[in-house]
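Notes follow the structure.
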Amino acid sequence: MSESLDTYLRKTEHETSPPQGKQSRREWIKEKSLTDKLSRAYLLSATYDGARASAVLKFYEPSAGRIYHWYDNTGHKPYCLTSLPPEELKKIPKLMDNEGLDHFERVEKIDPFENRANQVTKIVAHDPLSIGGKPTGSIRDIIPYARPDDPALKVWEADIKYYESFIYDQGIEMGMPYRLEGGKIFSLEDADKPSGRLAGQIEEIFAAETSEFRNYIRKWVHLLECPVPALKFVALDIEVDPSEEARIPDPTEAMQTVTCVSWVTSDGLKRVVLLRREGVEEGEGKLPEGTQIKYYDDEVELLSEVLDILASYPLVVTFNGDQFDLRYISHRAQRLGIQRDDIPIEMGREFTLLTYGIHLDLYRLFFNRSLQVYAFDQKYRENTLEAVASAILGRGKIKFDGSISQLPYTELAVYCLRDSELTYGLAAYDDHLTLKLTIVLARLAKMPVEDVIRQGVSNWIRSMMYAEHRQRNILIPTSKEILERKGETGTHAMIKGKKYRGAVVIEPTPGVNFNIIVLDFSSLYPSIIKHWNLSYETIRCPHEECRENRIPETSHWVCRKQQGITSLLIGSLKDLRVKWYKVKSKDETFPKETRSWYSIVQRTLKVLLNASYGVFGAEHFGLYCPPVAEATASIGRYDITSTIKKAQELGISVIYGDTDSVFLKSPSDKQIQQLIDWTKEALGMDLDVDKVYRYAVFSTRKKNYIGVYPNGNVDIKGLTGKKRNTPEFLKAAFNEMIGTLSEVKSENEFFEAKGRIKGIVKDCYTKLKRHEYSLEELAFTVVMSKAISSYDKTTPQHVKAVKVLPDEEQRRVGAGSVIQYVKTKREPGVKLAATASPDEIDVGKYVEHIQTTFKQVLDALDISFNEIIGISKLESFI
DNA sequence: GCGGACTGCTTACCT
DNA sequence: ACAGGTAAGCAGTCCGCG
């Protein structure tokens, strides 16, 4: 063992490998991770251990920075539910002969549709796979097969992962602190109750709500007020010799040598290990100060050190480690003869997990669309380490020319270490925002952090709702059952192929308008879900007397007798966000750390709330219920249309509106207040002043406008000049025009501004004609959303540009690649920017692009594009 | 054989 | 594997045109 390795192993305070020859490392890890006493440890993960046939919880103990495993000893077992009584089940030989079957139990469950208790049979098994998951002979498949003609036969809750079932049944609080003693775990809820003053304040805010609603608020507050400890973690990255072909190494084959591995830890260590190879030069790369570097002659020894790290850190963070780094390490180690049982990596089909600690693949987290948009404010557009890190950390990967196999040692080390540093930065920046956000989601979704990071918003909401059902002893219905009872949709979508009609967009009034007030319904859809008691069980409820409680513009009605689960869950989360976390995150009387925590909480809630309506219209969602989605959208249309009508009655002119907003032209304070009061009274909805524009510019196009704030800041929505595929020369000219507009303070100043804008457009046109723009400036930048071969219906321009490349170069362009191309005169009309020359450019096409980009604004200013161009044509003659 | 009207595909955006 | 609505540009098809 090297000296430097010894240094950091002392820091981790426990050994990483078993005594020589005693037992396999994975078994040894499991034993070493057991404890019978912990005063405070945070539950981060759960899984199922097949060998021990029980659920395992993984706790993080902050003072030692260690993970401890707790094996369930409560006797909880996998099960599913069925409508068949035990005596009928006993008549099914295949079931009775099933080796996994343990026993039957008669249990009472509340039927969510009828809201009454029912007897069902619980089929308990020895192991999860016997319930469902075996290719043939799983219990969940045997039962319906045995009774094919029985339409009333039902099997429920058979497709929930076992550890999820365990979490839900036991009310396990993911992400929360626990005490462990005498083999039992105890929630530390009393120690973490918000201070009396705070709890009192929150109680006061919700005093008018029902006691059921207030109970939900208390549950959320308990989960969301509890702080997150500092986490010890390592970020890791590997490099592989691409050797002969310049293809991406295959992690399941793992044919190529691992040449370099680097890692950066939360306790300040930076280390690079390199493999000595023939003909590689030392190099002149400069590693950051304090970086440890070690050369190995033997790849097995190098990998052993890496496996030690993976066996000793509680949290391992990678960027694409699921698909590449950890997978490659595992297969490579096996290929080189290391025993499978000595590799502390657990491989699934899509995930790669760790035997000891927890692996978080940040690629999957940053790839999540909901988080990208709502948690990270669309700061990055592509899902590469380079793009995400540059946007968030302001620092990108190391660039070099040629192949990675040609890099000298120190250059390779610097390159590899940078990737680890960036990955580390993505986990650590902004006071560990990424990790905290993950833990908040784990608490709300009742899901292990590893699953949170790898799954989408529909699974978070599914898990949150399933847990709620189990806690209230409500039977979780199957998707099929919901669909049969509640049916499909009835409205007609505007877009072909969509299931139902969505939001309305108001035709804008073209032109420039000063003093624009934008009002919007705060959290429109969650508010509707709360106010209208929407949920899969309450919509189209079985009660005759509820049928008159109609949803506008649809044939749906909603229950008046029973409070809907979705309505309660989403309603309480929404109110808590709006009335507590959002306001208090800006309250200067709170300490800075509290405000920053509140800001993370409110952003996380926003992610969940924004998706809460959409999931009901998503077929793969566990509680898919199209009428709920359709009703929500329909009420939204009703609310905004009647608000606009009311505004007009009040004498306010409405310039524009989209989904949940109305743009009003110079309304008086009194008029605004009247409208707000009316929506509260008539619709039960909160309408707020969202933005005030000094002036706004509209063309005839929807979802297209410029809004200038009193301080000169500018909102640009939907305009071509802002889109990321627009060539730089157009973006630059467009921004120049925006700069001019931001300085306009009154209608009088517009005259001069128009003159300057004409100048900007004309200048852009002239420069184009004179070939003064470089190819980079002229390039369109388009993301290829799928593999080249999948473009079988049409061949878009960016694909055309790639298709002229030789095959081996084409193969390197896959889904997610960014293509830069210019438009050329000769067939096929496009060429990659890097391969084109300035004289091939199709100037005429580019003039059309100048026109569309600026027309969106010129129209509103009453300026004609041709007039501008005409002038310049005249000048070019002189 | 060619051009205009049309539909469909694709990307990027808005709420 | 949240949803639907809009803009823009191009690809591909159909039809009329003696």
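Just so it is clear: chains get the letters A, B, ... in the order the sequence lines come, proteins before strands, and each one is counted from 1.
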Quick one about [Y] and [X] (side-chain donor to acceptor, distance below 3.5 Å, no hydrogens or angles considered), yes or no?
X: A/Ser661; Y: A/Tyr656; result: no
X: A/Asp715; Y: A/Tyr705; result: no
X: A/Thr384; Y: A/Glu386; result: no
X: A/Thr824; Y: A/Arg826; result: no
X: A/Tyr216; Y: A/Glu468; result: yes

Holding to side chain to side chain contact (heavy atoms under 4.5 Å, CB included), I want the full list of residues that pass it with [X], two or more places apart in sequence or in another chain.
X: A/Ala787; result: A/Ser789, A/Ser790
X: A/Ser599; result: A/Ser585, A/Arg603
X: A/Val804; result: none
X: A/Val799; result: A/Met784, A/Ile788, A/Tyr791, A/Thr795, A/Pro796, A/Lys803

Boundaries of the DNA chain C segment in contact with chain A, non-hydrogen, under 4.0 Å: C/dA1 to C/dG12
Report, one line per pair, each donor and acceptor closer than 3.5 Å where one atom sits in a side chain of residues 361-374 of chain A; sequence neighbours left out.
| residue | atom | partner | partner atom | Å |
| --- | --- | --- | --- | --- |
| A/Asp361 | OD1 | A/Asn320 | N | 2.7 |
| A/Asp361 | OD1 | A/Tyr363 | N | 3.0 |
| A/Asp361 | OD2 | A/Gly321 | N | 3.3 |
| A/Asp361 | OD2 | A/Asp322 | N | 3.0 |
| A/Arg364 | NH1 | A/Asp322 | OD2 | 3.2 |
| A/Arg364 | NH1 | A/Glu350 | O | 3.2 |
| A/Asn368 | OD1 | A/Ser370 | N | 2.9 |
| A/Asn368 | OD1 | A/Leu371 | N | 3.2 |
| A/Asn368 | ND2 | A/Gln455 | O | 3.4 |
| A/Gln372 | NE2 | A/Tyr380 | O | 3.3 |

Check ion pair A/Glu848-A/Lys823 (N to O, under 4.0 angstrom): no
Touch class at under 4.0 angstrom, heavy-atom based, for A/Lys855 against every strand present: nothing
Identify each donor-acceptor pair in which a side-chain atom of residues 491-499 of chain A lies under 3.5 Å from a protein atom, sequence neighbours left out, and give them as a table.
| residue | atom | partner | partner atom | Å |
| --- | --- | --- | --- | --- |
| A/Thr491 | OG1 | A/Arg501 | N | 3.1 |
| A/Thr491 | OG1 | A/Glu630 | OE2 | 2.6 |
| A/Lys499 | NZ | A/Gly617 | O | 2.9 |

Selection: residues 610-624 of chain A, any non-hydrogen atom under 4.0 Å of DNA chain C: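 Nucleic-acid contacts, sorted: A/Ala611, A/Gly614, A/Val615, A/Gly617, A/Ala618, A/His620.
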For DNA chain C, the residues among residues 451-459 of chain A that have a non-hydrogen atom under 4.0 Å from it: A/Arg454, A/Gln455, A/Gly456, A/Val457, A/Ser458
Ring centers of A/Tyr709, A/Tyr693 separated by less than 6.0 Å: yes
Under the salt bridge (charged side-chain N to carboxylate O under 4.0 Å, His left out) test, residues paired with A/Lys703 that sit two or more places apart: A/Asp658
Heavy-atom closest contact (A/Leu437 atom, A/Ala375 atom, distance):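 Smallest interatomic distance, heavy atoms only, reads CD1-CB, 3.8 Å.
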Pull out every protein N or O sitting under 3.5 Å from an N or O of nucleotides 2-6 of chain B, one pair per line with the distance.
none

Under 4.0 Å protein heavy-atom contact, by nucleotide of nucleotides 9-15 of chain B - B base, S sugar-phosphate only: SSSBSBS
